[in-house]
Amino acid sequence: MRAPAASPTTDRARLLGQILALVGVLALVAVVVRETTNSPAYVAANERIEALNTQIDRVERSNADLRERLAYAESLHALREVAKRDLGLVDPGDRAIIIMDDLIGAPLPTPVPVDPPPPDPPPPVRFGHLSAWLEAFTGG
């Protein structure tokens with residue numbers, strides 16, 4: 001047995017119903033997506049994300065600057081600069097010139113304690129004319 005063939009108007013009505021259902025579902029999805037992206041919580045979350053991204057960029061730039069400063073601080077050039085500026089050392093062959101006007105009112109550098117040199121060892125004990133005694137006894 002065969003099902004009776006549907007009439008063209010029934011087919012059109014069913015097709016029209018399916019199209020309307022599809023359009024209704026698409027409209028519902030569009031409304032939900034629109035309301036979700038325009039909600040105050042969504043906007044606040046996006047603003048917070050932008051603020052955090054800006055903060056991350058700032059911290060990364062700061063880290064790069066600090067890495068650069070650290071690399072310089074570990075270099076030989078920086079070591080020489082600190083030795084000359086803070087310790088008053090000079091390169092071999094150079095002369096240090098101290099301008100007295102610069103020292104007025106400036107704190108004096110703290111002296112570096114230097115251990116005194118060890119005392120000289122006592123002189124060896126002499127037994128008089130030892131070589132003369134040896135010659136006398138050995139006949140040499």
Side-chain angles (χ1 to χ4, degrees):
M1 287 209 183
R2 249 176 146 179
S7 68
T9 43
T10 309
D11 287 341
R12 281 188 199 164
R14 184 178 300 151
L15 181 61
L16 184 61
Q18 289 174 348
I19 291 174
L20 286 176
L22 181 62
V23 169
V25 169
L26 290 176
L28 181 65
V29 168
V31 168
V32 168
V33 168
R34 182 172 179 263
E35 289 302 316
T36 302
T37 58
N38 288 336
S39 70
Y42 182 80
V43 171
N46 276 343
E47 289 174 357
R48 177 76 174 140
I49 289 170
E50 289 177 17
L52 289 174
N53 283 336
T54 303
Q55 185 177 0
I56 288 170
D57 290 340
R58 190 174 349 110
V59 168
E60 285 177 349
R61 281 193 308 271
S62 175
N63 281 346
D65 291 342
L66 289 173
R67 280 190 209 101
E68 186 178 320
R69 289 179 61 193
L70 178 63
Y72 174 74
E74 291 174 342
S75 71
L76 182 62
H77 182 68
L79 179 65
R80 286 175 158 237
E81 182 180 321
V82 169
K84 288 179 180 181
R85 182 187 63 226
D86 297 341
L87 302 176
L89 301 177
V90 293
D91 287 326
D94 289 348
R95 290 187 180 177
I97 298 174
I98 299 173
I99 301 172
M100 296 305 291
D101 291 340
D102 291 345
L103 294 179
I104 296 175
L108 295 175
T110 55
V112 178
V114 177
D115 294 332
D120 292 334
V125 178
R126 294 199 171 238
F127 294 106
H129 300 291
L130 184 60
S131 60
W133 281 95
L134 286 175
E135 284 179 21
F137 286 113
T138 59

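From a predicted model like this one, the values you see are computed outputs, not experimental measurements.
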Chemist: For Glu60, what residues pass the side chain to side chain contact (heavy atoms under 4.5 Å, CB included) criterion, not counting sequence neighbours?
Modeler: Ile56, Asp57
Chemist: Can you name the residues that form a side chain to side chain contact (heavy atoms under 4.5 Å, CB included) with Ala78, not counting sequence neighbours?
Modeler: Tyr72, Ser75
Chemist: When you measure from the side chain of Thr54 to the backbone N and O of Glu50, does any donor-acceptor pair fall under 3.5 Å?
Modeler: yes
Chemist: By salt bridge (charged side-chain N to carboxylate O under 4.0 Å, His left out), which residues pair with Arg85, not counting sequence neighbours?
Modeler: Glu81
Chemist: Apart from Val82 itself, which Ile, Leu, Val, Met, Phe, Trp or Tyr residues share its cluster (side-chain heavy atoms under 4.5 Å, direct or through members)?
Modeler: none
Chemist: Check which hydrophobic residues are tied to Leu20 through side-chain heavy-atom contacts below 4.5 Å, counting indirect links as well, and list them.
Modeler: Leu16
Chemist: Any chance you could pull the hydrophobic cluster mates of Leu89, using side-chain heavy atoms under 4.5 angstrom and chaining through other members?
Modeler: Leu87
Chemist: In Å, rounded to the nearest 0.5 Å, how long is the span from CG of Leu70 to CD of Glu74?
Modeler: 4.0 Å
Chemist: Using the side chain to side chain contact (heavy atoms under 4.5 Å, CB included) criterion, which residues pair with Ile49? Sequence neighbours excluded.
Modeler: Asn46, Asn53
Chemist: Listed by chain and number, what are the salt bridge (charged side-chain N to carboxylate O under 4.0 Å, His left out) partners of Asp91, not counting sequence neighbours?
Modeler: Arg80, Lys84
Chemist: Among residues at least two apart in sequence or on other chains, which ones pass side chain to side chain contact (heavy atoms under 4.5 Å, CB included) with Ile19?
Modeler: Leu15, Val23
Chemist: When Ile, Leu, Val, Met, Phe, Trp and Tyr are grouped by side-chain heavy atoms lying under 4.5 Å apart, directly or through other members, which residues fall in the same group as Leu76?
Modeler: Leu79
